[in-house]
There are 2 protein chains.
Amino acid sequence: MAISKIDQIPPERLERIMAVMKGVAHPLRFRIIVLLCDRAHNVNEMAAALGERQPAVSQHLAPLRMLGLVAVDRSGGNATYSLNEPMLRNLVHCFETHCTP
Amino acid sequence: MAISKIDQIPPERLERIMAVMKGVAHPLRFRIIVLLCDRAHNVNEMAAALGERQPAVSQHLAPLRMLGLVAVDRSGGNATYSLNEPMLRNLVHCFETHCTP
DNA sequence: TTTGGAGATTGCGATATGGCAATATCGAAG
DNA sequence: CTTCGATATTGCCATATCGCAATCTCCAAA
């Protein structure tokens, strides 16, 4: 089931992988994800923690939501976001472990 | 040394991580990398294996080269490309293992 | 020195993406 | 019903990226 033979990566899977990568390949979105690796946060918490404006954070949460990478819980007065795709932890760990410039 | 506290990701490191992710976040470039995970190839081999045209492959090799993700050996008549960044194997493995749509 | 193959580069037009400011929604509290 | 805090959305401009075709550079062999 490995993808060692390139030509054999099912197109669907390649598309999903690319979508996920593109979703994470943005400084703010990546930082949001790292933040959520720790625990759930609401939008304002994230904006504050990251030193970014709320609209910016919300804007970048949108694609993450659509990709199913994060989940929202709107039961309380505010929206609580949490990581919804387990592999993201692996991905982040992969970078924190091996990506040293 | 983990990057659990977002605000503490050194800017340089974040930049490098983003550069690598953006570099890999393209279908053709990703497939090139997966191809090179197996063994070294020259440009025409890759083009043939991937069913793409040589200029396209060469074009996408450029950024990978500049990022230091692949290395070229021009000692023979042709250019032999190989993986130059070990973490890419982890990255690919991470996706092949966990990214199931 | 001419030729042919292997690779790299360049110039486009088309599309996508990002930042930013303004504004719209929505639910809970008054 | 009105207000307020929390989030989401929209419009616009600037910039980056993509695919593609045409070309160009090199080097080795003849």
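Sequence lines set the chain letters: A, B, ... in the order given, protein chains first and strands last, and positions in each chain run from 1. All values below were derived from every heavy atom in this structure, side-chain atoms included, with hydrogens, water molecules and symmetry-related copies excluded.
A:Leu61 places its CG atom 16 Å from the P atom of D:dA6, with the value rounded to the nearest Å. Rounded to whole Å, the distance from CG on B:Leu64 to P on D:dT17 is 13 Å. A straight line from CE of B:Met18 to C1' of D:dA16 spans 17 Å, rounded to a whole angstrom. When the C1' atom of D:dT17 is taken as reference, atom CZ of B:Phe30 falls 20 Å away, rounded to whole Å. B:Arg74 places its CZ atom 16 Å from the P atom of D:dT25, with the value rounded to the nearest Å. Taking atom CE of A:Met21 as the reference point, atom P of C:dT17 lies 15 Å away to the nearest angstrom. In this entry the distance linking CG of B:Asn78 with P of C:dG7 reads 5 Å, nearest Å. Atom pair A:Met66:CE and C:dA16:C1' shows a separation of 14 Å (rounding to whole Å applied).
Screening A:Val24, A:Leu64, A:Val34 against A:Leu88 for a side chain to side chain contact (heavy atoms under 4.5 Å, CB included) leaves a single residue, A:Val24.
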Contact pattern, 5' to 3', of nucleotides 19-25 of chain C - B, S or - by protein heavy atom under 4.0 Å: SBBB---
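Residue B:Arg29 places at least one side-chain N or O under 4.0 Å from the OP1 or OP2 atom of D:dC18. For B:Tyr81, no side-chain nitrogen or oxygen approaches OP1 or OP2 of C:dA6 to under 4.0 Å. Close to C:dG5, at under 4.0 Å from its OP1 or OP2, lies no side-chain N or O of B:Asn44. Between A:Asn42 and D:dA6, a side-chain N or O to OP1/OP2 separation shorter than 4.0 Å is absent. Distances shown here put every side-chain N or O of B:Ser58 at or beyond 4.0 Å from the OP1 or OP2 atom of C:dG7.
Taking 4.5 Å as the limit, some side-chain heavy atom of A:Leu28 sits within range of a side-chain heavy atom of A:Leu50. Counting heavy atoms from C-beta on, the side chains of A:Leu35 and A:His41 come closer than 4.5 Å. Residues A:Lys22 and B:His26 form no side-chain contact, since every pair of their non-hydrogen atoms from C-beta on lies 4.5 Å or further apart. Put simply, the side chain of A:Phe30 reaches to within 4.5 Å of the side chain of B:Leu14, judged on heavy atoms.
Projected onto DNA chain C by closest heavy-atom contact, A:Lys22 and A:Ser75 fall at different nucleotides, the more 5' of which corresponds to A:Lys22.
Using a 4.0 Å cut-off between charged side-chain N and carboxylate O, B:Glu85 and B:Arg65 make no salt bridge.
With A:Glu96 contributing its side chain and A:His93 its backbone, the two residues share no donor-acceptor pair below 3.5 Å.
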